[in-house]
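Scroll down for the structure; my scribbles are underneath it.
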Amino acid sequence: MRGKILSADFFNRPTLAVAKELIGKFLVRKIGSRRIASMITEVEAYDGFHDRASHASRGRTDRNAVMFGGAGCWYVYLIYGMYWMLNIVTGPKDYPAAILIRGVADASGPGRLTKFFKINHRFNSKLTSRSSDLWIEDQRMKIPQRLIKRGPRVGVAYAGQIWSRKPWRFYILHSNSK
DNA sequence: TAAGTGATCTCT
DNA sequence: GAGATCACTTAA
């Protein structure tokens, strides 16, 4: 099954709108002649300068610089010494925002899906496209709106009540995500 | 419930 | 340079 590859324009829009629309799209990875594709079932938005749960909340650093760049680039970083986190940058240049892909139909959990797709730091700052071997497709999978739930983001208690409680996580009910 | 793992960030 | 932290997973 093939679909339309989402271009940078798709991601150069308000982060929450993009996040919600990513549910049901397909993450696709090309490894040699192999192709792996799996439907996105869970995402989390990190949006703007003031979001205290976001890496960008304390300004620009070497690590988070990609978040300040143009939309449609991958932001990949290592957490807990073991797990690669896959994010897609959203919004205009110089506005820090990204969406963490937390689950796909074949692998639930952000650390598990990067292992499943063999994703690591070498994708960081690359533009999503066929030539980067990692992109997102619209396969016109229709997910009923009532099945798309939203709730607080995971693992961000340190961000304080205001920010840790923002319902910026979107997920499909009764799939691989709780 | 707690250990594992290492890059990054915030102090000196 | 040192110490703490961390957008997680697994085994128990």
Side-chain angles (χ1 to χ4, degrees), chain A residues 6 11 13-25 27 29 36 38-91 94-128 134-136 148-173 175-178:
Chain A
L6 299 181
F11 300 100
R13 297 183 297 139
T15 309
L16 292 190
V18 175
K20 186 173 180 184
E21 290 178 34
L22 276 182
I23 299 296
K25 299 293 188 291
L27 182 63
R29 170 90 162 93
I36 307 174
S38 189
M39 190 179 74
I40 296 171
T41 56
E42 182 180 1
V43 299
E44 255 173 22
Y46 290 85
D47 192 32
F49 298 91
H50 308 295
D51 177 2
R52 288 190 51 210
S54 169
H55 289 168
S57 67
R58 300 215 184 103
R60 187 184 187 123
T61 66
D62 283 347
R63 180 177 67 162
N64 68 24
V66 185
M67 292 184 76
F68 290 78
C73 289
W74 295 114
Y75 171 41
V76 182
Y77 66 91
L78 187 70
I79 189 91
Y80 300 114
M82 289 179 246
Y83 306 108
W84 296 105
M85 299 288 102
L86 177 67
N87 301 251
I88 184 82
V89 174
T90 58
D94 295 324
Y95 180 84
I99 297 165
L100 170 65
I101 301 180
R102 291 191 55 89
V104 293
D106 295 299
S108 96
R112 284 200 197 136
L113 80 85
T114 50
K115 188 174 176 188
F116 182 79
F117 279 90
K118 298 195 188 334
I119 290 163
N120 59 28
H121 61 98
R122 87 182 182 81
F123 290 94
N124 188 46
S125 83
K126 291 255 173 70
L127 191 64
T128 118
L134 183 65
W135 65 90
I136 296 174
I148 301 179
K149 309 297 283 186
R150 59 187 295 181
R153 293 171 291 181
V154 173
V156 296
Y158 62 83
Q161 291 196 357
I162 302 277
W163 296 99
S164 66
R165 289 179 181 179
K166 294 275 185 196
W168 289 0
R169 169 174 168 247
F170 296 86
Y171 56 102
I172 299 180
L173 196 59
S175 69
N176 55 352
S177 51
K178 295 188 260 192

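Atoms considered below: every heavy atom in the structure, side chains included; atoms not considered: hydrogens, waters and symmetry mates.
Looking only at distances, no side-chain donor or acceptor of Asp47(A) sits under 3.5 Å from a matching main-chain atom of Thr15(A).
Checked against Lys25(A) for a side chain to side chain contact (heavy atoms under 4.5 Å, CB included), the options Val104(A), Ile136(A), Ile101(A), Val43(A) give a single hit: Ile136(A). Exactly one of Ser54(A), Ser57(A), Pro96(A) qualifies for a side chain to side chain contact (heavy atoms under 4.5 Å, CB included) with Phe49(A). That residue is Pro96(A).
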Base contacts versus sugar-phosphate-only contacts with protein, heavy atoms under 4.0 Å: please encode nucleotides 6-12 of chain B as B, S and - from 5' to 3'. B-SSS--
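The side chain of Tyr158(A) places an N or O atom within less than 4.0 Å of a non-bridging phosphate oxygen (OP1 or OP2) of dA7(C). Checking the phosphate oxygens (OP1, OP2) of dA7(C), no side-chain nitrogen or oxygen of Arg169(A) falls inside 4.0 Å.
In this structure the side chain of Trp163(A) reaches within 4.5 angstrom of the side chain of Trp168(A), judged on heavy atoms.
In this entry the distance linking NE2 of His55(A) with C1' of dT5(C) reads 11 Å, nearest Å. Per the geometry, CG belonging to Leu100(A) stands 16 Å off P belonging to dC6(C), to the nearest Å. Atom OH of Tyr83(A) and atom P of dA3(B) are 15 Å apart (whole Å).
Judged by a 6.0 Å distance limit and a 45° cone about the ring axis, Arg169(A) is positioned over the six-membered ring of Tyr171(A). Under a cutoff of 6.0 Å and an axis angle of 45°, Arg153(A) and Tyr46(A) form a cation-pi pair.
As the counterpart of dA3(B), dT9(C) is assigned, both hydrogen-bonding distances of the Watson-Crick or G-U wobble pattern falling under 3.5 Å.
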